[in-house]
Amino acid sequence: MRGRDLMFIAAHTNRVNVSWRKPDRFALTYPVTGIFAGTETPDEPLVELLGRNRARILVEAAGPVSTTLLVATTGLSLATVSDHLRVLTGAGLLERRRSGRSVLYWQSDTGRRVVRRPASNQSEPGSSRRAASGSPARSRAADPTRTSRPGE
């Protein structure tokens, strides 16, 4: 490629693309890494509830973030991010405020509660439940060793 221009372009995409303008310009577009490459992934129950992109935006908005920053960190288009922000704000999961020429978004109290799973939901079902006698709670109908007594 002697005598030709080759440009390397970091972009918010998940794919590598090669483009050209013949006869002497070529470009290689590659995924951005570093500070703007988000690494935190939302929990699967949150993804099932909201969808992967909305869940990611809600998690990213733990502190005040602008639409531009969300576009940079998620790799989604401006229109897609704006639509998700509109839905999340309408649902009461995000709050917003204008700051100069930008609009900042952050999790509302409800949004923080939705993102944070309570400790009781993280344990296995039945592992922390105890009957009044101190033994693990069991279903009476499912206990084959239990004999029924009159009046039960």
Side-chain angles (χ1 to χ4, degrees), residues 1-132 134-139 141-142:
M1 290 197 35
R2 190 170 289 205
R4 309 270 197 282
D5 290 333
L6 176 60
M7 296 186 311
F8 292 92
I9 304 168
H12 300 287
T13 179
N14 293 328
R15 298 181 301 205
V16 173
N17 295 309
V18 177
S19 55
W20 56 86
R21 188 169 144 200
K22 290 189 176 183
D24 60 352
R25 287 192 164 186
F26 299 89
L28 180 68
T29 306
Y30 60 94
V32 70
T33 59
I35 190 169
F36 290 120
T39 57
E40 188 173 352
T41 58
D43 292 335
E44 280 305 309
L46 187 62
V47 170
E48 290 177 23
L49 177 67
L50 300 174
R52 186 157 311 280
N53 291 334
R54 282 196 183 131
R56 185 167 179 206
I57 288 171
L58 183 60
V59 168
E60 294 276 339
V65 292
S66 67
T67 309
T68 307
L69 181 64
L70 287 170
V71 167
T73 57
T74 62
L76 300 171
S77 71
L78 179 61
T80 300
V81 169
S82 295
D83 186 53
H84 288 317
L85 289 170
R86 179 186 56 78
V87 170
L88 291 168
T89 303
L93 300 175
L94 292 179
E95 294 184 24
R96 61 177 272 178
R97 177 173 295 151
R98 179 165 290 283
S99 176
R101 291 177 17 176
S102 297
V103 177
L104 299 178
Y105 294 86
W106 63 93
Q107 293 171 357
S108 66
D109 290 338
T110 304
R112 278 190 295 279
R113 284 192 298 270
V114 167
V115 169
R116 226 180 300 129
R117 291 176 57 193
S120 62
N121 288 349
Q122 291 177 345
S123 61
E124 289 294 318
S127 65
S128 63
R129 293 188 341 211
R130 300 254 175 211
S135 62
R138 296 198 305 184
S139 168

With heavy-atom distances below 4.5 Å as the criterion, would you say the side chains of Ile57 and Arg54 are in contact?
no

Would you sort out whether Leu104 and Val65 count as a side chain to side chain contact (heavy atoms under 4.5 Å, CB included), showing the intermediate values?
CA-CA 5 Å; Leu104 299 178; Val65 292; over 6 Å; no

Hey, does Leu76 have a side-chain heavy atom less than 4.5 Å from the side chain of Val71?
no

Check whether any side-chain heavy atom of Leu46 lies under 4.5 Å from a side-chain heavy atom of Val59, and answer yes or no.
yes

Are Tyr105 and Arg97 close enough, and set up right, to give a side chain to side chain contact (heavy atoms under 4.5 Å, CB included), and what steps lead you there?
CA-CA 7 Å; Tyr105 294 86; Arg97 177 173 295 151; over 6 Å; no

Can you measure from CZ (Arg96) to OG (Ser66) and round to the nearest 0.5 angstrom?
12.5 Å

Could you check whether any side-chain heavy atom of Leu93 comes within less than 4.5 Å of a side-chain heavy atom of Thr89, counting everything from C-beta outward?
no

Drop me the distance from Met7's CE to Ser19's OG, to the nearest 0.5 angstrom.
7.0 Å

Thr67 and Ser82: side chain to side chain contact (heavy atoms under 4.5 Å, CB included), yes or no, with the steps?
CA-CA 7 Å; Thr67 309; Ser82 295; 3.8 Å; yes

Quick one: does Val115's side chain get under 4.5 Å of Gln107's, heavy atoms only?
yes

Do Arg52 and Glu44 have side chains that approach each other closer than 4.5 Å (heavy atoms only, starting at C-beta)?
yes

So do Val87 and Leu50 actually touch side chain to side chain, heavy atoms under 4.5 Å?
no

Hey, is the main chain of Thr74 close enough, under 3.5 Å, to the side chain of Arg56 for a donor-acceptor pair?
yes

Heavy atoms of Gly92 and Ser108 approach each other most closely as O-OG, 2.5 Å

For Ser77 and Thr80, test the side chains for any donor-to-acceptor distance below 3.5 angstrom and give the result as yes or no.
yes

In Å and rounded to the nearest 0.5 Å, what is the CG to CG distance from Leu58 to Leu88?
5.5 Å

